[in-house]
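Okay, structure first, notes after.
Fair warning: this is a prediction, and the values are worked out from it, not measured in the lab. We number each residue from 1, following the sequence as shown.
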Amino acid sequence: MAILEILKIPDARLKQISEPVAQFDDALHAFIADLEETRQMGPAAVGIAAPQVGYFQRIVILDCSQTRKPVPNHGHLILINPEITHWDGFELGREGCLSVPDYTGNVIRAARITLVAQDPQGDRHEYEMKDFEARALQHEVDHLDGLLFLDRVVSRRTDLFQRKVYQKGANKKRKAANKAH
Ligand code: NI
(Lines give C-alpha, C1' and ligand atoms only; values in the text may rest on other atoms or scores of the structure.)
Protein backbone atom coordinates (compact mmCIF):
# COMPACT_ATOMS: atom_id res chain seq x y z
CA MET A 1 0.00 0.00 0.00
CA ALA A 2 1.08 3.56 -0.53
CA ILE A 3 0.00 7.07 0.29
CA LEU A 4 -0.65 8.90 -2.96
CA GLU A 5 -0.03 12.57 -3.67
CA ILE A 6 -3.18 14.70 -3.59
CA LEU A 7 -3.60 17.18 -6.42
CA LYS A 8 -4.39 20.66 -5.14
CA ILE A 9 -5.70 23.82 -6.75
CA PRO A 10 -4.71 25.33 -9.15
CA ASP A 11 -3.66 21.98 -10.70
CA ALA A 12 -5.49 21.85 -14.06
CA ARG A 13 -5.81 18.05 -13.84
CA LEU A 14 -8.57 18.55 -11.24
CA LYS A 15 -10.77 19.71 -14.15
CA GLN A 16 -10.31 16.47 -16.07
CA ILE A 17 -13.37 14.22 -16.54
CA SER A 18 -12.82 10.65 -15.34
CA GLU A 19 -13.53 7.52 -17.36
CA PRO A 20 -15.84 4.69 -16.26
CA VAL A 21 -14.12 1.69 -14.69
CA ALA A 22 -14.33 -1.30 -17.04
CA GLN A 23 -12.05 -3.87 -15.37
CA PHE A 24 -12.80 -5.10 -11.86
CA ASP A 25 -9.42 -6.72 -11.40
CA ASP A 26 -6.48 -6.92 -8.98
CA ALA A 27 -5.07 -3.62 -10.26
CA LEU A 28 -8.35 -1.88 -9.33
CA HIS A 29 -8.34 -3.45 -5.88
CA ALA A 30 -4.71 -2.44 -5.29
CA PHE A 31 -5.51 1.13 -6.30
CA ILE A 32 -8.54 1.21 -3.98
CA ALA A 33 -6.31 0.11 -1.07
CA ASP A 34 -3.91 2.99 -1.81
CA LEU A 35 -6.78 5.48 -2.18
CA GLU A 36 -8.18 4.36 1.18
CA GLU A 37 -4.82 4.75 2.88
CA THR A 38 -4.52 8.22 1.37
CA ARG A 39 -8.04 9.15 2.59
CA GLN A 40 -7.07 8.20 6.14
CA MET A 41 -3.84 10.16 6.13
CA GLY A 42 -3.85 13.20 8.42
CA PRO A 43 -7.37 14.07 9.57
CA ALA A 44 -9.38 11.37 7.75
CA ALA A 45 -11.53 12.83 4.99
CA VAL A 46 -15.16 11.69 4.74
CA GLY A 47 -14.60 11.17 1.05
CA ILE A 48 -12.00 10.97 -1.65
CA ALA A 49 -12.25 10.55 -5.42
CA ALA A 50 -9.68 8.87 -7.67
CA PRO A 51 -8.97 11.96 -9.82
CA GLN A 52 -7.77 13.76 -6.67
CA VAL A 53 -4.69 11.53 -6.85
CA GLY A 54 -4.36 11.85 -10.62
CA TYR A 55 -6.12 8.56 -11.49
CA PHE A 56 -8.92 9.49 -13.85
CA GLN A 57 -11.35 6.65 -13.26
CA ARG A 58 -14.81 6.89 -11.70
CA ILE A 59 -13.98 5.65 -8.18
CA VAL A 60 -15.10 7.21 -4.89
CA ILE A 61 -14.59 6.19 -1.26
CA LEU A 62 -17.08 7.60 1.23
CA ASP A 63 -17.35 7.10 4.98
CA CYS A 64 -19.65 9.40 6.95
CA SER A 65 -19.77 7.14 10.03
CA GLN A 66 -16.95 8.98 11.83
CA THR A 67 -18.40 12.49 11.61
CA ARG A 68 -19.18 14.32 14.84
CA LYS A 69 -22.95 14.43 14.39
CA PRO A 70 -24.62 11.00 14.37
CA VAL A 71 -26.38 11.24 11.02
CA PRO A 72 -27.94 8.50 8.91
CA ASN A 73 -25.29 6.92 6.70
CA HIS A 74 -24.26 3.67 5.04
CA GLY A 75 -20.86 3.44 6.75
CA HIS A 76 -17.79 2.78 4.62
CA LEU A 77 -18.58 2.65 0.90
CA ILE A 78 -16.43 1.97 -2.14
CA LEU A 79 -18.40 3.30 -5.09
CA ILE A 80 -17.40 2.44 -8.65
CA ASN A 81 -19.09 4.27 -11.54
CA PRO A 82 -21.51 6.06 -9.19
CA GLU A 83 -24.52 7.65 -10.85
CA ILE A 84 -27.07 9.86 -9.15
CA THR A 85 -30.46 8.88 -10.54
CA HIS A 86 -32.76 11.07 -8.43
CA TRP A 87 -32.44 14.43 -6.65
CA ASP A 88 -34.90 15.91 -4.17
CA GLY A 89 -34.95 19.12 -2.13
CA PHE A 90 -31.98 21.41 -1.54
CA GLU A 91 -29.88 22.63 1.36
CA LEU A 92 -27.05 25.08 1.88
CA GLY A 93 -24.07 23.62 3.77
CA ARG A 94 -20.36 24.09 4.41
CA GLU A 95 -17.83 21.96 2.51
CA GLY A 96 -14.11 21.42 2.55
CA CYS A 97 -11.86 19.43 0.26
CA LEU A 98 -8.41 17.80 0.37
CA SER A 99 -7.68 19.51 -2.95
CA VAL A 100 -8.63 22.95 -1.59
CA PRO A 101 -6.69 23.00 1.70
CA ASP A 102 -7.02 26.70 2.52
CA TYR A 103 -10.76 27.28 2.15
CA THR A 104 -14.22 26.03 3.04
CA GLY A 105 -17.34 27.16 1.25
CA ASN A 106 -21.13 27.22 1.38
CA VAL A 107 -22.67 25.15 -1.40
CA ILE A 108 -26.27 24.29 -2.31
CA ARG A 109 -26.82 20.54 -2.78
CA ALA A 110 -29.79 18.21 -3.13
CA ALA A 111 -31.00 17.12 0.32
CA ARG A 112 -31.92 13.58 -0.77
CA ILE A 113 -30.57 11.49 -3.61
CA THR A 114 -30.79 8.03 -5.07
CA LEU A 115 -27.48 6.57 -6.17
CA VAL A 116 -26.60 3.57 -8.28
CA ALA A 117 -23.02 2.31 -8.09
CA GLN A 118 -20.96 -0.83 -8.53
CA ASP A 119 -18.86 -2.40 -5.80
CA PRO A 120 -15.21 -3.51 -6.29
CA GLN A 121 -16.49 -6.85 -7.67
CA GLY A 122 -18.65 -5.09 -10.26
CA ASP A 123 -22.04 -5.81 -8.65
CA ARG A 124 -24.61 -3.00 -8.80
CA HIS A 125 -26.27 -1.54 -5.71
CA GLU A 126 -28.78 1.24 -5.12
CA TYR A 127 -28.57 3.62 -2.16
CA GLU A 128 -30.92 6.23 -0.75
CA MET A 129 -28.90 9.01 0.86
CA LYS A 130 -29.81 12.20 2.65
CA ASP A 131 -28.39 15.18 4.49
CA PHE A 132 -24.63 15.06 5.16
CA GLU A 133 -24.00 11.78 3.33
CA ALA A 134 -25.94 12.96 0.25
CA ARG A 135 -23.91 16.19 0.27
CA ALA A 136 -20.59 14.36 0.59
CA LEU A 137 -21.51 12.02 -2.24
CA GLN A 138 -22.48 14.87 -4.55
CA HIS A 139 -19.16 16.58 -3.75
CA GLU A 140 -17.24 13.41 -4.69
CA VAL A 141 -19.18 12.77 -7.91
CA ASP A 142 -18.36 16.36 -8.88
CA HIS A 143 -14.66 15.44 -8.70
CA LEU A 144 -15.30 12.71 -11.30
CA ASP A 145 -16.72 15.40 -13.58
CA GLY A 146 -13.85 17.83 -13.07
CA LEU A 147 -15.73 20.12 -10.66
CA LEU A 148 -14.72 21.47 -7.25
CA PHE A 149 -16.96 23.00 -4.58
CA LEU A 150 -15.34 26.31 -5.56
CA ASP A 151 -17.19 26.04 -8.86
CA ARG A 152 -20.50 25.86 -6.99
CA VAL A 153 -20.24 28.55 -4.31
CA VAL A 154 -22.86 31.18 -5.04
CA SER A 155 -20.57 34.09 -4.22
CA ARG A 156 -16.83 33.81 -3.71
CA ARG A 157 -16.97 36.99 -1.62
CA THR A 158 -19.60 35.91 0.91
CA ASP A 159 -19.60 32.08 0.75
CA LEU A 160 -15.90 31.29 0.77
CA PHE A 161 -14.02 31.10 4.09
CA GLN A 162 -10.31 30.95 4.74
CA ARG A 163 -9.34 28.10 7.04
CA LYS A 164 -7.74 29.17 10.29
CA VAL A 165 -3.99 28.68 10.36
CA TYR A 166 -2.62 27.80 13.76
CA GLN A 167 0.84 29.20 13.30
CA LYS A 168 2.36 31.74 15.63
CA GLY A 169 2.45 35.14 14.04
CA ALA A 170 0.29 34.11 11.10
CA ASN A 171 -3.02 34.96 12.82
CA LYS A 172 -2.66 38.72 12.96
CA LYS A 173 -1.65 38.84 9.34
CA ARG A 174 -4.58 36.62 8.37
CA LYS A 175 -7.14 38.73 10.24
CA ALA A 176 -5.94 41.77 8.34
CA ALA A 177 -6.22 39.86 5.09
CA ASN A 178 -9.78 38.80 5.93
CA LYS A 179 -10.86 42.38 6.56
CA ALA A 180 -9.41 43.38 3.24
CA HIS A 181 -11.37 40.61 1.44
NI1 NI B 1 -13.16 17.18 -2.49
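Looking at heavy atoms from C-beta onward, Glu133 lies out of side-chain contact with Pro72 at the 4.5 angstrom threshold.
The line from CZ of Arg163 to OH of Tyr103 is 12.0 Å long, rounded to the nearest 0.5 Å. Taken to the nearest 0.5 Å, the CD1 atom of Ile78 stands 9.0 Å off from the CG atom of Leu28. The line from CG of Asp102 to NZ of Lys164 is 14.5 Å long, rounded to the nearest 0.5 Å. Within the model, atoms CD of Glu128 and CG of Asp88 stand 10.0 Å from one another, a figure rounded to the nearest 0.5 Å. To the nearest 0.5 Å, the span separating CG on Asp159 from CD on Glu95 amounts to 11.5 Å. A distance of 4.5 Å separates CG of Asn106 from CG of Leu92, quoted to the nearest 0.5 Å.
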Q: Evaluate the side chain to side chain contact (heavy atoms under 4.5 Å, CB included) criterion for residues Phe132 and Thr67: first the C-alpha distance (whole Å), next the side-chain angles of each, then the deciding distance (0.1 Å), finally the verdict.
A: CA-CA 9 Å; Phe132 185 83; Thr67 49; 3.4 Å; yes
Steps toward side chain to side chain contact (heavy atoms under 4.5 Å, CB included) verdict (Leu160, Phe149) = CA-CA 10 Å; Leu160 206 56; Phe149 78 81; 4.1 Å; yes
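Between Arg156 and Leu150, the closest heavy-atom pair is NH2-O, 3.6 Å.
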Donor-acceptor pairs under 3.5 angstrom involving side-chain atoms of residues 46-64: please list them, not counting sequence neighbours.
from: Gln52; atom 1: OE1; to: Ala49; atom 2: N; distance (Å): 3.0
from: Gln52; atom 1: NE2; to: Ser99; atom 2: OG; distance (Å): 3.0
from: Arg58; atom 1: NH1; to: Ser18; atom 2: O; distance (Å): 3.1
from: Arg58; atom 1: NH1; to: Leu144; atom 2: O; distance (Å): 3.3
from: Arg58; atom 1: NH1; to: Asp145; atom 2: OD1; distance (Å): 3.3
from: Arg58; atom 1: NH2; to: Asp145; atom 2: OD1; distance (Å): 2.9
from: Asp63; atom 1: OD1; to: Ser65; atom 2: N; distance (Å): 3.0
from: Asp63; atom 1: OD1; to: Ser65; atom 2: OG; distance (Å): 2.6

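Listed for the Asn81 side chain is no donor-acceptor partner under 3.5 Å among the backbone atoms of Ala117. Under the 3.5 Å distance criterion, the side-chain polar atoms of Asp34 are matched with a main-chain donor or acceptor of Ala2. A donor-acceptor distance shorter than 3.5 angstrom exists from the side chain of Gln138 to the backbone of Ala134, with no hydrogens or angles considered. When atom types are taken as modelled, the side chain of Asp11 and the backbone of Lys8 share no donor-acceptor pair closer than 3.5 angstrom. The backbone N or O of Ile108 lies less than 3.5 Å from no partner atom in the side chain of Arg135, so there is not a single donor-acceptor pair.
Within a 6.0 Å radius of CZ in Arg94, more than 12 heavy atoms belonging to other residues, nucleotides or ligands are found. By the 6.0 Å contact criterion, CD on Glu126 is enclosed, its count of non-hydrogen atoms from other residues, nucleotides or ligands being greater than 12. Open room surrounds CD on Glu19; 12 or fewer heavy atoms of other groups in view lie less than 6.0 Å from it. Residue Asp26 qualifies as open at atom CG: its count of foreign heavy atoms under 6.0 Å is 12 or below.
Under the 6.0 Å distance and 45° angle rule, Arg109 does not count as a cation-pi partner of Phe90.
Ring geometry for His125 versus Tyr127: interplanar angle of 30 to 60°, hence tilted.
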